[in-house]
Visitor: 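My questions will all concern the structure given below.
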There are 2 protein chains.
Amino acid sequence: MTDINSFLAPAAAADRPRSAAPEAEAPLIDLIELFFFAYRDFVGDPDEILAPIGFGRAHHRVIHFVNRHPGMRVTELLDILRITKQSLGRVLRELVDEGFVESRAGQADRRQRLLYPTPKGEALAREFVAIQSRRIARALKACGPDARGAAERFLLAMIDPEDRAGVERLIQRADRAADAG
Amino acid sequence: MTDINSFLAPAAAADRPRSAAPEAEAPLIDLIELFFFAYRDFVGDPDEILAPIGFGRAHHRVIHFVNRHPGMRVTELLDILRITKQSLGRVLRELVDEGFVESRAGQADRRQRLLYPTPKGEALAREFVAIQSRRIARALKACGPDARGAAERFLLAMIDPEDRAGVERLIQRADRAADAG
DNA sequence: TGAAAAAGTCAACATGACTGACATAAATTC
DNA sequence: GAATTTATGTCAGTCATGTTGACTTTTTCA
């Protein structure tokens with residue numbers, strides 16, 4: 001009875017004196033909770049890969065975006081991740097020390113440190129994308145025919161309107177670069 | 001140029017010596033990133049409510065599920081949140097101390113501590129649901145006609161298969177309780 | 001030449017997670 | 001009735017990841 005399946009048991013009415021007072025938008029609670037549980041499992045995938053090598057979610061995010069945008073500046077990465085440079089600094093130093101990321105001075109502007117994945121970093125990033133893509137592909141398959149388009153439209157629309165265009169550009173830029181490369 | 005909009009600028013080809021080597025599942029990177037950005041903004045909503053009262057995300061989750069399942073046992077909450085009782089303990093104590101959650105001994109089994117939201121806790125939980133529902137409603141409106149069903153199917157299918165049934169039961173149980181109350 | 005930008009670093013601190021050990025009360029089993 | 005198990009709570013220490021604030025170095029640019 002300590003399992004989540006204990007919820008199968010019929011609820012004891014005596015212990016439920018107050019109701020949850022549903023409002024007009026109450027039905028969307030289902031989506032709120034589904035989003036919570038889905039995201040937890042979604043980020044759980046990379047966690048399993050990272051745990052054995054002593055890294056965490058912060059490392060995942062950095063490796064992912066550096067691999068997706070090779071040559072990215074530190075400031076750009078900070079904008080995407082929305083963390084302070086001190087937070088990023090620690091994670092980035094570990095990744096550089098352990099040979100997952102390389103930092104080279106920019107040619108045009110030598111103040112810049114451009115970030116590149118090493119072959120080792122690329123391989124790890126591909127692992128992350130592979131496992132998360134597998135989960136998404138499985139989910140889309142279980143849904144209807146235009147599931148992918150629907151999911152893309154929904155998730156994009158969930159993003160703050162003022163960030164939406166930036167995210168779209170970010171993704172398109174990476175896709176273009178991957179096609180060209 | 002320190003803005004995310006800097007990604008609008010044409011990429012400097014000279015600084016992009018390696019390509020991102022797309023694989024068979026590579027296109028789903030878009031969905032991976034959209035999920036990341038969407039979830040960030042999604043949990044950012046309650047953060048704004050919580051910051052002024054000195055609470056964090058952990059408090060949000062506890063208040064949400066206690067309000068959704070009034071009379072829930074501590075062990076059940078631990079199963080849902082998948083954290084240790086020590087972690088929950090701190091957060092729960094603060095919520096009880098500040099009058100958002102009430103803990104009463106079970107009638108049938110007096111070892112149990114059944115968790116109920118106070119009126120103050122209910123009000124806060126409703127605020128969370130309201131702001132997140134508003135975001136979801138806005139997103140669904142921007143999508144097609146069956147956007148809601150599609151989103152529900154997709155998110156549910158994203159959950160680990162072995163947890164899926166449990167999550168469905170959890171949601172249905174709460175909905176039933178809300179209808180009855 | 002002097003201001004501004006890009007990046008890095010030191011120090012201190014907050015949050016939310018963790019492990020391990022132990023305590024208490026109540027229920028269950030032998 | 002005694003022993004065991006269950007549900008909960010708590011003390012102590014640690015870790016990962018975030019924060020603010022202050023300061024430095026290098027380089028660019030007006």
Side-chain angles (χ1 to χ4, degrees), chain A residues 1-3 6 9 12 15 40 43-44 46-47 50-63 66 71-98 101-116, chain B residues 1-3 6 9 12 15 40 43-44 46-47 50-63 66 71-97 101-115:
Chain A
M1 278 292 280
T2 64
D3 187 85
S6 62
D15 287 337
R40 177 168 68 183
V43 295
D47 282 356
L50 287 158
I53 49 176
F55 284 162
R57 289 180 190 181
H59 302 87
H60 170 213
R61 294 196 282 269
V62 171
I63 289 182
V66 167
M72 163 173 276
R73 287 183 301 135
V74 169
T75 311
E76 289 170 337
L77 189 50
L78 287 174
D79 288 337
I80 291 173
L81 299 178
R82 288 208 198 137
I83 57 175
T84 58
K85 63 178 169 176
Q86 294 90 330
S87 294
L88 177 59
R90 246 183 328 213
V91 172
L92 203 48
R93 194 187 327 122
E94 291 172 345
L95 289 172
V96 170
D97 285 352
E98 304 209 25
V101 170
E102 209 181 294
S103 157
R104 311 183 208 150
Q107 292 191 314
D109 186 335
R110 290 170 29 81
R111 288 173 304 180
Q112 298 175 349
R113 291 292 172 273
L114 306 186
L115 305 172
Y116 295 92
Chain B
M1 278 288 282
T2 64
D3 188 81
S6 61
D15 287 336
R40 177 168 67 184
V43 295
D47 282 355
L50 288 157
I53 50 177
F55 283 163
R57 290 182 188 179
H59 301 86
H60 169 215
R61 295 196 283 267
V62 171
I63 289 182
V66 167
M72 166 173 273
R73 287 182 301 136
V74 170
T75 312
E76 289 170 337
L77 189 50
L78 288 174
D79 288 338
I80 291 172
L81 299 178
R82 288 205 198 140
I83 57 175
T84 58
K85 63 178 170 177
Q86 293 90 331
S87 295
L88 176 59
R90 248 180 329 209
V91 172
L92 203 48
R93 193 185 330 120
E94 291 172 346
L95 288 172
V96 170
D97 285 353
V101 170
E102 207 179 296
S103 155
R104 310 182 210 152
Q107 293 192 311
D109 186 335
R110 288 170 32 81
R111 288 173 307 181
Q112 297 175 351
R113 292 291 171 271
L114 305 186
L115 304 172

Visitor: In whole angstrom, give the distance that lies between atom CZ of A/R82 and atom C1' of D/dT19.
Guide: 16 Å
Visitor: Any side-chain N or O of A/S87 less than 4.0 Å from the OP1 or OP2 oxygen of D/dT17?
Guide: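 For D/dT17, OP1/OP2 do not have a side-chain N/O of A/S87 under 4.0 Å.
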Visitor: Assuming nearest nucleotide by heavy-atom distance, tell me which of A/R111 and B/L88 is located more 5' along DNA chain C.
Guide: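 The residue mapped nearer the 5' terminus is A/R111.
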Visitor: Return no unless some side-chain N or O of A/H59 is found under 4.0 Å from OP1 or OP2 of D/dT17.
Guide: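 Yes, because at least one side-chain N or O of A/H59 sits under 4.0 Å from OP1 or OP2 of D/dT17.
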Visitor: What I want to check is whether an N or O donor and acceptor connect the side chain of B/Q86 with the base of D/dG13 at under 3.5 Å.
Guide: no
Visitor: Please determine, for the side chain of B/K85, which listed nucleotide (C/dC18, D/dG21, D/dT10) has the closest atom?
Guide: D/dT10
Visitor: Rounded to whole Å, how long is the line connecting atom CZ of A/R40 with atom P of C/dA17?
Guide: 11 Å
Visitor: Is A/T84 near enough to D/dT19 that one of its side-chain N or O atoms lies under 4.0 angstrom from OP1 or OP2?
Guide: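 Yes, within the criterion.
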Visitor: Among C/dG8, D/dT17, D/dG9, find the nucleotide with the atom closest to the side chain of A/V74.
Guide: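 Among the listed nucleotides, the one closest to the side chain of A/V74 is C/dG8.
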Visitor: Side-chain contact test, heavy atoms from C-beta onward, threshold under 4.5 Å: evaluate it for A/E102 versus A/V96 and give yes or no.
Guide: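 No, side chains not in contact.
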Visitor: Give me the atom names and distance for the closest heavy-atom approach of B/R73 to B/E76.
Guide: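 What the structure gives for the nearest pair is N-OE1, 3.0 Å.
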Visitor: What are the two closest non-hydrogen atoms of A/Y116 and A/V66, and how far apart are they?
Guide: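 Closest heavy-atom pair between A/Y116 and A/V66: C-CG1, 3.7 Å.
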Visitor: Nearest whole angstrom, please: distance from the C1' of D/dG9 to the CZ of B/R73.
Guide: 16 Å
Visitor: What is the distance from CG of A/L78 to C1' of D/dG18, rounded to the nearest Å?
Guide: 13 Å
Visitor: Looking at every non-hydrogen atom in both residues, tell me the closest pair between B/A105 and B/R110 and how far apart they are.
Guide: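 Closest pair (atom of B/A105, atom of B/R110, distance): CB-O, 4.1 Å.
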Visitor: Round to the nearest Å and state the distance from A/R113 atom CZ to D/dT25 atom C1'.
Guide: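 Value for this atom pair: 10 Å.
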Visitor: Whole-Å distance between C/dT15 P and B/L92 CG?
Guide: 17 Å
Visitor: Find out whether B/M72 and B/L114 are in side-chain contact, i.e. whether some heavy atom of one side chain is under 4.5 Å from a heavy atom of the other.
Guide: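 Not in contact.
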Visitor: Tell me the interatomic distance from B/R93, atom CZ, to C/dG16, atom C1', rounded to whole angstroms.
Guide: 14 Å
Visitor: Under 4.0 Å, heavy atoms only, any strand: does A/G89 hit a base, just the sugar-phosphate, or nothing?
Guide: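 The answer is nothing, as A/G89 stays clear of every strand by at least 4.0 Å.
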Visitor: Where the side chain of A/R110 is concerned, which of D/dT27, D/dG9, D/dG18 is the nearest nucleotide?
Guide: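 Shortest atom-to-atom distance from the side chain points to D/dT27.
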Visitor: Of B/R90 and A/A58, whose nearest nucleotide on DNA chain D comes first from the 5' end?
Guide: B/R90
Visitor: For the base of C/dA17, is there a side-chain donor-acceptor partner from B/R57 under 3.5 Å away?
Guide: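 No.
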Visitor: Expressed in angstrom and rounded to an integer, what is the separation of B/I53 atom CD1 from C/dA14 atom P?
Guide: 19 Å
Visitor: Can you tell me which nucleotide in D/dT17, C/dA4, C/dA26 comes closest to the side chain of B/D109?
Guide: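 Nearest nucleotide to the side chain: C/dA26.
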Visitor: A/R61 side chain: which of D/dT28, D/dG21, D/dT17 is closest?
Guide: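 My answer, after comparing the listed nucleotides, is D/dT17.
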Visitor: For residues 84-92 of chain B, please give each side-chain donor-acceptor pair under 3.5 Å, one per line with the distance, not counting sequence neighbours.
Guide:
residue: B/T84; atom: OG1; partner: B/S87; partner atom: N; Å: 3.3
residue: B/T84; atom: OG1; partner: B/S87; partner atom: OG; Å: 3.1

